[in-house]
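What you see is a predicted model, and the numbers here were worked out from it, not measured in a lab. Reckoned from all heavy atoms, side chains included, excluding hydrogens, waters and symmetry mates.
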Amino acid sequence: MKFHDIHIGMKCGSKKGSGTVTWIDGSTRTIYMANTEENNSFEVDFEEIIEDPQAHNNTDAYY
């Protein structure tokens, strides 16, 4: 995945957890995300994004 592929509203997984992208800072390559369970905000560096087509939370299941 390339940095320009990230967009607001996209669901992503990271080393810090999964969430929905709420803001992107292109100058620092920081992605701000909101946790989908509790709506807590957190930030991750682009390098921390997990390149997985299915972003799941801890309670989600694979089918």
Side-chain angles (χ1 to χ4, degrees):
M1 176 184 316
K2 296 184 177 156
F3 185 77
H4 68 271
D5 293 334
I6 306 286
H7 60 274
I8 293 174
M10 180 179 187
K11 301 245 186 233
C12 291
S14 74
K15 296 176 184 177
K16 294 182 180 178
S18 297
T20 304
V21 176
T22 57
W23 188 254
I24 303 165
D25 186 347
S27 63
T28 61
R29 295 175 59 97
T30 302
I31 300 163
Y32 298 88
M33 297 172 43
N35 179 305
T36 53
E37 290 178 356
E38 301 162 4
N39 206 27
N40 293 333
S41 296
F42 60 99
E43 63 183 60
V44 296
D45 292 328
F46 174 70
E47 290 75 25
E48 295 180 85
I49 295 293
I50 298 170
E51 197 166 343
D52 186 353
Q54 297 182 26
H56 293 280
N57 291 314
N58 296 337
T59 58
D60 289 342
Y62 291 92
Y63 294 98

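Asp45 meets the side-chain hydrogen bond (donor to acceptor under 3.5 Å, both in side chains) test with no other residue; sequence neighbours excluded. Ser41 meets the side-chain contact (heavy atoms from CB on, under 4.5 Å) test with no other residue; sequence neighbours excluded.
What you find for Gly13 and Ser18 is that their closest heavy atoms are CA-OG, 3.9 Å. Residues Val21 and Cys12 share a closest heavy-atom pair of CG2-SG, 3.8 Å.
Distance check: Ile31 CD1 to Phe3 CZ gives 5.5 Å after rounding to the nearest 0.5 Å.
Met33 pairs in a side chain to side chain contact (heavy atoms under 4.5 Å, CB included) with only one of the listed residues (Thr22, Val44, Ile24), which is Val44.
Checking side-chain atoms of Lys16 against main-chain N and O of Glu43 turns up a donor-acceptor pair under 3.5 Å.
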